[in-house]
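Below is one structure, written out as structure tokens; the observations come after it.
Below, all heavy atoms of this structure are taken into account, side chains as well, without hydrogens, waters or symmetry copies. Lettering follows sequence order; numbering is per chain, from 1.
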Number of protein chains: 2
Amino acid sequence: MISSKISKVVIKRLPKYLRVLEGFLIREIERVSSKELAIKLGSTASQVRQDFNCFGDFGQHGYGYKVKELYLKIKEILGLNKKYSCIVVGAGNIGQAIMNYSKFFTMGFNIEAIFDINPKIIGLSFREVEVLDVELLIDYVKNNKIDLAILCIPELQVESIYTILKDRVTGIWNFATVDLLSTEKTFVENVNLNDSLFTLTYFINNGV
Amino acid sequence: MISSKISKVVIKRLPKYLRVLEGFLIREIERVSSKELAIKLGSTASQVRQDFNCFGDFGQHGYGYKVKELYLKIKEILGLNKKYSCIVVGAGNIGQAIMNYSKFFTMGFNIEAIFDINPKIIGLSFREVEVLDVELLIDYVKNNKIDLAILCIPELQVESIYTILKDRVTGIWNFATVDLLSTEKTFVENVNLNDSLFTLTYFINNGV
């Protein structure tokens, strides 16, 4: 149904459309024009139409888009109508924040196991998921089909953990401070929080 | 010293250079070529040289860059040789993770106050900083010079909090699910964690 040749730039804009549409849904707005969407996204109406054209025929000319239909369609395109089996590696600050984020589960991300190296943390539970010794990770990923591994580990441990996960899990959401590369079997999304903070300090000092 | 006309795209690459250089520093590598940097960043040597040329004369032709000098220089450009007075608004999962992240303080980000709306959380302390009632926020930002406000609040509270902070704090690091706009006096950096996750689910399902 969906062409796999859609550019990454377009894909990266879809979650933003989804958020804007969710806002419209909450306010019970039923129809929206490409121009209204463009204003919310700091884009142009023609850009919006072009983006949606990548995925087939969404709108009706001169009539706009049905908010709910478009919202559900984009959710489907992004794969958010599915369930994902997830593991978290690293039960520090970020790892715990993810474990405690209740919306995560309702969004379809089911955290099935969490691993850590610290004996003080191993054995604790977050939302009834017990922290396991990271020594068990390799057997776990060999014996279970994992869609998504969430990495919340210090830089020095990244290489060894990546070696275990690579080509064994389908996706890695990487919060470590080292960027990882995708492979043919494992897609990586690097989230470096410091990067965005350090960009901000530049602008604070120099203006935009 | 620094031209303010450097493109945002170049600025956004600087934190990545910093991370790579930090890696070289740890491994006590003294000198690095633009080619070696390019490999680490998935870029090209000419791109690297072009980026650094925006900031004056860094390297020596055919001789490469001195790692430590370049590292310190980029830190300075990003404003990371300074201290920042920060507040956190919202002491939920992300807010607490930031409060508990010890490296944050040593990087120069001094969290001076934290605010929440929840009576169960108000009065608790994180690293000796007591959670204050968000009702006190407006007086606090009027009476104190705040460089950076870190927003970790639900969507419905974003508008009212942004109205309080806008033009009163220099920067906003926004973890809420609604993107905020920068003003002439307040620079905003939007971090939407779900956006990167939802991009990843697309690639998991469709390939890159």
Could you tell me which portion of [X] (side chain, backbone, both or neither) has an atom closer than 4.5 angstrom to a non-hydrogen atom of chain B?
| X | answer |
| --- | --- |
| K75(A) | neither |
| V20(A) | neither |
| N190(A) | neither |
| I98(A) | neither |

Query - Options T177(B), V191(B), L18(B), ranked by heavy-atom pairs under 4.5 Å with chain A, top entry - result: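 Among T177(B), V191(B), L18(B), the one with the most close pairs to chain A is T177(B).
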Most chain B-contacting option - heavy-atom pairs closer than 4.5 Å, from [options]:
| options | value |
| --- | --- |
| L148(A), I150(A), V178(A), T199(A) | T199(A) |
| T170(A), V188(A), I26(A) | T170(A) |
| Q96(A), E22(A), K82(A) | K82(A) |
| N194(A), I94(A), L41(A), L80(A) | L80(A) |
| L193(A), L197(A), L200(A) | L197(A) |

Requested in this report: For S33(A) and E36(A), test the side chains for any donor-to-acceptor distance below 3.5 angstrom and give the result as yes or no.
Outcome: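 S33(A) vs E36(A): donor-acceptor pair found between side chains.
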Query raised in the report: Is the CD atom of E155(A) crowded by more than 12 outside heavy atoms at less than 6.0 Å?
Result: yes
Query raised in the report: When you measure from the centre of the six-membered ring of F203(A), is the NZ or CZ of K8(B) under 6.0 Å away and within 45° of the axis?
Result: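 Judged by the rule (NZ or CZ under 6.0 Å from the ring centre, within 45° of its axis), K8(B) counts as positioned above F203(A).
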Would you confirm whether [X], through its side chain, and [Y], through its main-chain N or O, come within 3.5 Å as a donor-acceptor pair?
| X | Y | result |
| --- | --- | --- |
| T201(A) | L78(B) | yes |
| Y202(B) | K12(A) | no |
| Q157(B) | P154(B) | no |
| S43(A) | A38(A) | no |
| T186(B) | K166(B) | no |

Query raised in the report: Can you tell if the side chain of I164(B) reaches within under 4.5 Å of the side chain of V89(B), non-hydrogen atoms only?
Result: no
Query raised in the report: chain A contacts: which residues in residues 99-122 of chain B have a non-hydrogen atom closer than 4.5 Å to it?
Result: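 Residues of residues 99-122 of chain B touching chain A at under 4.5 Å: N100(B), Y101(B), F104(B), M107(B), F109(B).
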Report task. Sort L14(B) into side chain, backbone, both or neither according to what part of it lies under 4.5 angstrom from a heavy atom of chain A. Result -> neither
Query raised in the report: Which answer fits K40(B), side chain, backbone, both or neither, if we ask what part of it has an atom under 4.5 Å from a heavy atom of chain A?
Result: neither
Query raised in the report: Who pairs with S85(B) by side chain to side chain donor-acceptor pair (under 3.5 Å), at least two apart in sequence or on another chain?
Result: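 In terms of side chain to side chain donor-acceptor pair (under 3.5 Å), with neighbours along the sequence ignored, S85(B) is linked to D147(B).
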Report task. Test side-chain contact (heavy atoms from CB on, under 4.5 Å) on D179(A) and R19(B) and set out the steps. Result -> CA-CA 9 Å; D179(A) 286 352; R19(B) 276 195 277 144; 3.0 Å; yes
Requested in this report: Run the numbers on N205(B) and Y84(A) for side-chain contact (heavy atoms from CB on, under 4.5 Å), then give the verdict.
Outcome: CA-CA 11 Å; N205(B) 287 294; Y84(A) 295 90; 2.7 Å; yes
